[in-house]
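What follows is one structure encoded as structure tokens, with my remarks underneath.
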Amino acid sequence: MEVFYITTPIYYPNALPHVGHAYTTLFADVLARFKRLTGAKVFYLTGNDEHGLKIQRVAESQNKHPKVFVDEMAEVFKKYWKSLDISYDYFIRTTDELHEKTVKEAFTYIYKKGYIYKAKYSGLYCVECEKYYSPGEYVVVEDKPYCPLHNKPLEYMEEETYYYKLSEFKDYLLDVLENRNIVYPRHYAQEVISKLKSEGLRDISVARPVERVWWGIPVPFDEKYVIYVWFDALLNYISAIHYLDDKDVFTEHWSAAHHIIGKDILWFHTVVWFSILRALDLEPPRKLIVHAFLTSRGAKMSKSVGNIVSIDEMLQRYGVDGSRYLLTRISNMDKDSEFSFELLDSVYTSELVDTYGNLVRRVGVLAQKKCGGKIYRRSIESKLADEVPVKIGEYLDAMKSYEASRAAQIAIDLARTGNQYLNEAKPWEKSDPSRELYNALELIRVATILLAPITTRASRVVSERFGFTIENPLKLRLESIERYNVAEAPILFRKLKTTAQQPAQPSQ
Ligand code: MSP
């Protein structure tokens with residue numbers, strides 16, 4: 001049986017997740033659900049990145065112990081993922097005992113191999129990114145160094161620390177990035193290669209003195225330090241699949257690892273992560289799938305910029321299926337997608353309400369009125385018999401190349417074909433329109449199955465009310481249903497009544 005291991009980044013729980021985080025989590029969810037439908041044994045991992053200065057400071061500002069704070073936030077994140085029908089198999093927290101043990105062992109192993117050493121470090125740090133910035137990487141505002149992503153001043157820090165010999169991995173990384181097809185889309189690998197070639201690689205600090213950052217995993221052989229939060233966090237991908245305590249489970253999953261990330265953390269997931277894996281004598285992941293940003297008023301949606309749209313707001317407006325569909329539909333790996341309620345409203349109305357929802361409703365009503373809900377198998381119109389399998393093939397190709405947005409559009413195209421077919425065939429004018437209705441129901445069935453990883457609830461409702469099962473899309477064939485039993489004509493998507501508010505302007 002095919003194993004499919006898929007992960008999201010683990011999120012900083014310093015604030016509520018917003019639609020930017022939902023975008024990644026949903027993207028992974030759609031792929032996980034698709035793979036499950038095709039019969040693969042899926043392990044879908046998401047979770048929270050709970051250590052480090054950022055979390056320590058937020059907890060302090062709320063007069064809470066960080067552990068109390070992250071415990072509360074873990075429940076909040078889980079609640080949001082549930083409200084979006086996210087089907088993760090495990091929610092990892094970097095405060096999990098097994099994770100902490102794994103990080104300590106891995107750190108010690110790498111130290112013993114000579115890749116970690118002690119020395120002085122100084123530089124400009126962004127707490128939001130939990131990262132040092134070197135000249136050329138930051139921007140200068142009124143003579144002060146600023147983080148280009150968060151638009152906040154960088155903090156000068158100087159400390160005796162443990163370094164990780166990242167520089168030793170340059171040739172290995174270039175070889176992997178150039179010759180192995182891991183990073184998808186490919187141009188992201190190219191970006192990293194160019195940066196590696198033009199700037200080279202410097203060793204990075206992988207520990208923090210406890211006086212400054214005490215909220216983290218202690219360096220096992222020197223309790224005056226905690227392990228750098230990124231080193232800790234990246235290891236979640238292997239700690240969750242029992243790297244430490246179950247070799248078989250680990251090997252089975254690791255060879256099928258697919259990481260989904262936003263392009264902001266590409267460097268960490270190629271250069272830092274691949275080198276750590278190498279230092280642990282492990283292979284890089286099977287695939288690193290990178291997507292672009294969800295922007296709002298032109299800037300990456302983020303709490304510190306002040307231009308976020310909340311998940312609640314989206315859910316209230318479009319419901320679970322609507323939100324899932326729209327976030328999938330606007331997802332893009334190469335280009336940033338601007339979040340605009342105006343655009344989403346029009347896609348929601350034209351694709352879900354007027355196309356798929358309308359087709360289901362009108363066919364359901366006609367089937368009941370004209371045929372008592374029972375529609376027996378008839379032959380499929382030759383035009384449809386030619387067109388539908390081609391569309392299914394295109395959908396499968398899209399999913400195979402992780403293009404969930406294209407897959408969603410193909411499913412809706414089939415519903416559009418269904419509406420056109422009805423407009424031409426005019427079943428309402430016939431005394432026995434069962435042939436036309438069988439054809440239309442077949443289009444609905446195919447569209448519903450193809451949409452099942454996305455509009456989870458609508459697909460379930462339609463399959464139950466119309467009497468068919470959500471089957472493996474790889475085995476989807478026309479005319480395989482002997483009889484439809486239409487019990488009800490559901491209204492799947494509510495019409496929007498109000499005009500949406502636009503998201504707030506980013507603060508300068
Ligand atoms: N904790 C680290 C990741 C460690 S993974 C070993 C982190 N967390 S984060 O909370 O900042 O979330 C980062 C991820 O959230 C991004 O890589 C991206 O997948 C997602 N996104 C957050 N805001 C987003 C947008 N505005 N647009 C697209 N993705 C967004 O970095």
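In each ligand, atom 1 is the first atom listed, and ligand 1 is the first ligand listed. If you read the sequence from its start, that first residue is 1, and numbering goes on from there.
In the model, Y11 has no side-chain atom that pairs as donor or acceptor with a side-chain atom of T46 under 3.5 Å. T102 and S239 share no side-chain donor-acceptor pair at under 3.5 Å. In the model, E338 has a side-chain atom that pairs as donor or acceptor with a side-chain atom of T295 under 3.5 Å. Of the N and O atoms on the side chains of S304 and E128, not one donor lies less than 3.5 Å from an acceptor on the other residue. Donor-acceptor pairing under 3.5 Å is recorded for the side chains of T24 and H291. Between the side chains of D321 and Y356, not a single donor N or O lies within less than 3.5 Å of an accepting N or O.
Residues W273 and L235 have side chains in contact (heavy-atom distance under 4.5 Å, counting atoms from C-beta outward). For the pair Y184 and L288, the minimum side-chain heavy-atom distance is 4.5 Å or more.
Ligand-side atoms of ligand 1 in range of H291: 19 (O), 28 (C), 29 (N), range being under 4.0 angstrom from any heavy atom. Ligand-side atoms of ligand 1 in range of H21: 10 (O), 12 (O), 15 (O), 22 (C), range being under 4.0 angstrom from any heavy atom. The H18 neighbourhood of ligand 1 comprises atoms 23 (N), with distances under 4.0 Å to a heavy atom of that residue. Numbered from 1 in the order shown, with element, the atoms of ligand 1 that lie under 4.0 Å from a heavy atom of Y23 read 28 (C). Under a 4.0 Å criterion applied to the non-hydrogen atoms of D49, ligand 1 contributes the atoms 1 (N), 2 (C), 4 (C). Interface of I265 with ligand 1, defined as ligand atoms under 4.0 Å from a residue heavy atom, comprises 17 (O), 31 (O). Close contacts between ligand 1 and D264 involve ligand atoms 16 (C), 17 (O) [criterion: under 4.0 Å to a heavy atom]. Against a heavy-atom cut-off of under 4.0 Å, H269 is close to the following atoms of ligand 1: 5 (S), 6 (C).
Close N/O approach between A233 and ligand 1 is not found [any backbone or side-chain N/O within under 3.5 Å]. Considering backbone and side-chain N/O of M301, one or more are found under 3.5 Å from N/O of ligand 1. Inclusion of L234 in the set of residues having an N or O under 3.5 Å from an N or O of ligand 1 is not warranted. Not a single N or O atom of F293, backbone or side chain, sits closer than 3.5 Å to an N or O atom of ligand 1.
Every heavy atom of F268 sits 4.0 Å or more from the atoms of ligand 1.
In this structure, of V305, N307, I10, the residue bringing a heavy atom nearest to atom 2 (C) of ligand 1 is I10. Proximity annotation for atom 30 (C) of ligand 1: of G52, P17, P13, G20, G20 comes nearest, heavy atoms only.
The proximity of K263 to ligand 1, defined as any non-hydrogen pair under 4.0 Å, does not occur for either the backbone or the side chain. Only the side chain of Y237 comes within 4.0 Å of ligand 1, counting heavy atoms alone; its backbone N, CA, C and O stay farther away.
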Stepwise ring-ring contact (aromatic ring centres under 6.0 Å, His included) test for H65 and W215
CA-CA 10 Å; H65 187 282; W215 179 238; 5.8 Å; yes
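Y237 and H269 have tilted rings, their planes meeting at an angle from 30° to 60° on a 0 to 90° scale.
Here the heavy atom of the protein found nearest to atom 8 (N) of ligand 1 is Y12 CD1, 3.4 Å. In terms of protein heavy-atom proximity, atom 19 (O) of ligand 1 is nearest to T24 OG1, 2.6 Å. The nearest protein atom to atom 27 (N) of ligand 1, hydrogens excluded, is given as L294 N, 2.8 Å; this is a heavy-atom distance. Distance from atom 12 (O) of ligand 1 to its nearest protein heavy atom, with residue and atom name: Y11 CD2, 3.5 Å.
Under the side-chain contact (heavy atoms from CB on, under 4.5 Å) rule, P453 has a single partner from V30, D29, T38, which is V30.
Aromatic ring centroids of F221 and Y111 lie under 6.0 Å apart. F250 has its ring centre no less than 6.0 Å from the ring centre of H242.
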